[in-house]
Structures are given as C-alpha cells and as structure tokens.
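See structure below.
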Amino acid sequence: MMRYLLGLFCLSFLLFGCDDGDVITVEFAFDDTFDTCGEMVLFKTTSDPSESLSVFISGLTESDLTTFGENLVDYTETMTEIRSLSETNTLNYRRYDATTISGDDLFCNEIPSNITIISDEEVTSGTVEFTTTATDDDNDGIPWQDEDANEDGDNNPATNPTDTDNDGIPNYLDVDDDGDNVLTRDEDTNEDGDNNPFTNPLNTDGEDQPDYLDTDDDNDGVLTRDEESILADNNPTNDITSSEIGPDYLNPNVSVSVPATEFRTHQITRSFTSSVELLNVTFAFVVNDMFDFGTTGWTSLTIEKATIFN
C-alpha cells in the first residue's frame with residue numbers, strides 16, 4: 001500500500017519552481033514501511049519517479065529502540081524515543097536520474113556511478129519520534145485473544161489473566177498451558193491444518209478438558225508430567241512403552257509414575273515494530289506539522305523464562 005505523505009493536503013503531487021525556471025514534479029508517494037541500515041539511516045524509495053526520503057540519526061542504534069528488559073510484557077508494551085533534527089541529524093528528500101533505484105545501493109553502500117542525485121532537499125529542524133512496540137508470543141498456535149478463560153470483556157488477556165497450571169506465567173505467554181511438560185502446540189490433532197489446538201483440540205480421554213488443558217491426558221490416574229519411566233527428561237512425548245499406541249502419557253494401559261521435579265523452560269519470542277513520525281518539518285515546497293514516515297520491524301529475540309514448579 002502506498003502512503004502519500006502529503007495526504008493531509010489531499011494532494012498526490014505538488015509543483016514547485018526552480019531558480020532556472022524548470023518545474024519539478026514531486027510525488028511523495030512511498031510505501032508505508034521503511035528500511036534501515038548503519039547507525040542509523042531510515043530510508044524509503046520509489047522508482048516512478050526515482051525519489052527517496054531518508055532520515056539519518058547520529059548515535060542511535062537498534063538496541064536503543066528495542067531494550068525493554070527481561071520481564072515479560074503484558075502482551076504488548078510501547079516506548080518512545082525522540083530525537084531532534086539538526087546539522088548532524090538530517091531529513092533528506094532526493095531525486096535521481098536513474099530509471100530504477102535501490103535503497104541498499106543509495107544508503108547502505110556507495111552510490112553506484114550510473115546514478116546521479118539531481119536534487120537534494122535537506123531538513124535540519126523538526127523532531128523525529130520513534131514509537132516501538134514489543135510483543136511477546138508463546139508461539140503455541142492459539143491466538144492470545146482465545147487464551148483468556150476469565151472473559152473480562154476488555155479484549156486484553158493481561159487483565160486478570162488465566163493461568164491454568166499456576167506456574168506464574170499466564171496462558172497467553174505459556175508454552176505449556178496445563179503444566180504437563182507437553183508443549184501446547186504439540187497437543188493438537190491438526191486435522192484441520194491450522195496448527196491451533198483451540199479450534200481442533202485433541203482430547204485423548206474424552207473428558208471435559210482437551211489435552212492442552214488436561215493434566216492427565218489418558219485419565220489413568222498418573223499425571224502426564226509424571227509418565228516418564230524411560231528417559232525422565234521433562235518431555236513425556238519420548239517415553240514410549242508400546243510403539244503401536246504411542247507415548248505412555250496417552251496410553252491408559254501404562255501408569256508407571258516417575259514424579260517430575262520441574263517444568264520445562266519457557267522460550268518466548270519477543271518481536272519489535274517501530275513507527276516513525278516527523279514533526280514540524282519544513283521543505284522548500286511544503287510545511288507540515290506531521291509526516292507519518294511509516295513502520296519497520298527489528299530483529300526478534302528469544303526470552304527464556306523459568307517457571308514456578310508446583
């Protein structure tokens with residue numbers, strides 16, 4: 001989708017005169033995402049016509065925008081970083097004589113010899129506002145909206161969250177909702193192909209709770225997490241007495257108990273998205289209170305979280 005940065009004026013293009021009498025068409029029609037490289041260049045380009053819009057911020061790094069601490073966030077959390085444009089922090093609108101241009105060529109490497117900058121409008125006053133959102137996800141296949149059995153009505157699982165196994169991590173961030181040491185994402189028949197245990201839950205014993213919320217999946221009187229008589233590695237899925245039936249925790253004819261002593265370590269993915277607004281910037285051909293520069297994603301990381309064993 002194209003974002004017309006001058007949309008507030010209800011114009012898709014502007015005309016302005018140059019000193020030599022030429023008239024230049026300025027499109028300002030860029031995608032609503034941007035790319036980055038270096039320390040720290042934000043850029044977006046278009047090839048029809050060949051234009052670029054870029055922001056350079058001295059001394060700013062990806063880490064500055066994505067450091068939220070080790071605590072799990074309440075599904076999402078945002079923080080804002082503000083930098084002023086100056087002689088060293090600049091905003092540039094450029095036009096090129098090439099038919100096709102690449103942002104990587106223009107901003108991450110030396111500009112190729114076959115591309116010439118025919119105009120360069122630089123802005124050194126105004127403000128660049130970064131708003132970064134961190135999102136934590138347990139990757140268990142169940143949408144976070146469906147992991148709040150309390151049904152508070154506020155569409156936010158972080159409010160009075162459901163914690164089925166009482167391990168200190170709410171279900172919407174819990175890779176093993178029932179604490180049976182079998183990952184929630186692995187307790188799905190997946191006959192519908194959506195990898196979502198919530199929409200097609202496996203229910204081995206036919207009781208009220210599906211396996212991903214059932215602490216004794218085969219209803220043999222031994223907790224699933226304790227049916228590890230072979231390997232005892234906090235993973236009941238690989239303890240198999242009968243290959244014809246499958247893992248012991250799904251076999252009601254095997255009920256040997258080796259009590260578990262801990263839950264599996266949770267590995268939770270944290271992803272980041274930044275949106276950027278340019279405030280009170282002035283080009284020679286237009287003054288605007290706010291340009292929506294767009295959004296970008298940053299490198300995700302994995303957070304390991306120990307749980308409370310009970």
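Computed from a predicted structure; not experimentally measured. Numbering starts at 1 and runs along the sequence shown.
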**Counterpart residues, side-chain contact (heavy atoms from CB on, under 4.5 Å), relative to Ser63 (two or more places apart)** = Thr61, Thr67
**Request:** Hey, could you give me each pair passing salt bridge (charged side-chain N to carboxylate O under 4.0 Å, His left out) that has a residue in residues 58-68? Not counting sequence neighbours.
**Result:** none
**Prompt:** Does a side-chain heavy-atom distance below 4.5 Å link Thr90 with Val55?
**Reply:** no
**Message:** Could you check whether any side-chain N or O of Asp239 sits under 3.5 Å from a backbone N or O of Leu231, counting only pairs where one atom can act as donor and the other as acceptor?
**Reply:** yes
**Fill in**
Residues at least two apart in sequence or cross-chain that pass side-chain hydrogen bond (donor to acceptor under 3.5 Å, both in side chains) with Gln209, listed by chain then number, are none
**Request:** Apply ring-ring contact (aromatic ring centres under 6.0 Å, His included) to Phe34 and list each qualifying residue two or more places apart in sequence or on a separate chain.
**Result:** Phe293
**Request:** State which residues pass side-chain contact (heavy atoms from CB on, under 4.5 Å) with Ser86; sequence neighbours excluded, sorted by chain then number.
**Result:** Thr88, Asn89
**Item:** Side-chain heavy-atom pair Val128, Leu85 within 4.5 angstrom cut-off
**Value:** yes
**Request:** List in chain and number order the residues that pass side-chain contact (heavy atoms from CB on, under 4.5 Å) with Ser102, two or more places apart in sequence or in another chain; answer none if no residue qualifies.
**Result:** Asp104, Asp105
**Prompt:** With distance as the sole test, does Asp180 use its side chain to make a donor-acceptor pair with the main-chain N or O of Thr224 at under 3.5 Å?
**Reply:** no
**Prompt:** Judged by modelled atom types alone, do Glu262 and Asn234 share a side-chain donor-acceptor pair under 3.5 Å?
**Reply:** yes
**Message:** Once side-chain contact (heavy atoms from CB on, under 4.5 Å) is applied, do any residues pair with Thr307, and if so which ones, sequence neighbours excluded?
**Reply:** Asp167, Ile169, Phe263, His266
**Prompt:** Is the shortest heavy-atom distance from the side chain of Phe283 to the side chain of Glu122 under 4.5 Å?
**Reply:** no
**Request:** Report the hydrophobic cluster partners of Leu213, with the cluster defined as I, L, V, M, F, W, Y residues connected by side-chain heavy atoms closer than 4.5 angstrom, directly or transitively.
**Result:** Ile142, Phe198, Tyr212
**Message:** Is there a side-chain contact between Thr189 and Asn200 in this structure, where contact means two heavy atoms from C-beta onward sitting under 4.5 Å apart?
**Reply:** yes
**Prompt:** Is any side-chain heavy atom of Asp248 less than 4.5 Å from a side-chain heavy atom of Ser229?
**Reply:** yes
**Asked** Taking only residues two or more places apart in sequence, or in another chain, which ones meet Asn238 in a side-chain hydrogen bond (donor to acceptor under 3.5 Å, both in side chains)?
**Response** Asp233
**Request:** List for me each residue that meets side-chain hydrogen bond (donor to acceptor under 3.5 Å, both in side chains) alongside Asp218, sequence neighbours excluded, and say none if there are none.
**Result:** none
**Prompt:** Looking at Asn139, Thr135, Asp136, which hits side chain to side chain donor-acceptor pair (under 3.5 Å) with Thr269?
**Reply:** Asn139
**Request:** Determine which pairs satisfy ring pair (Phe, Tyr, Trp, His ring centres under 6.0 Å) with at least one residue from residues 95-124, sequence neighbours left out, and list them in order.
**Result:** Phe43-Phe107
**Prompt:** Do Asp120 and Asn92 meet the criterion of a side-chain donor-acceptor pair at a distance under 3.5 Å?
**Reply:** yes
**Message:** Within the structure provided, determine whether Val258 and Asp226 are in side-chain contact (heavy-atom separation under 4.5 Å).
**Reply:** no
**Asked** Taking only residues two or more places apart in sequence or in another chain, which ones pass side-chain hydrogen bond (donor to acceptor under 3.5 Å, both in side chains) with Thr132?
**Response** Ser274
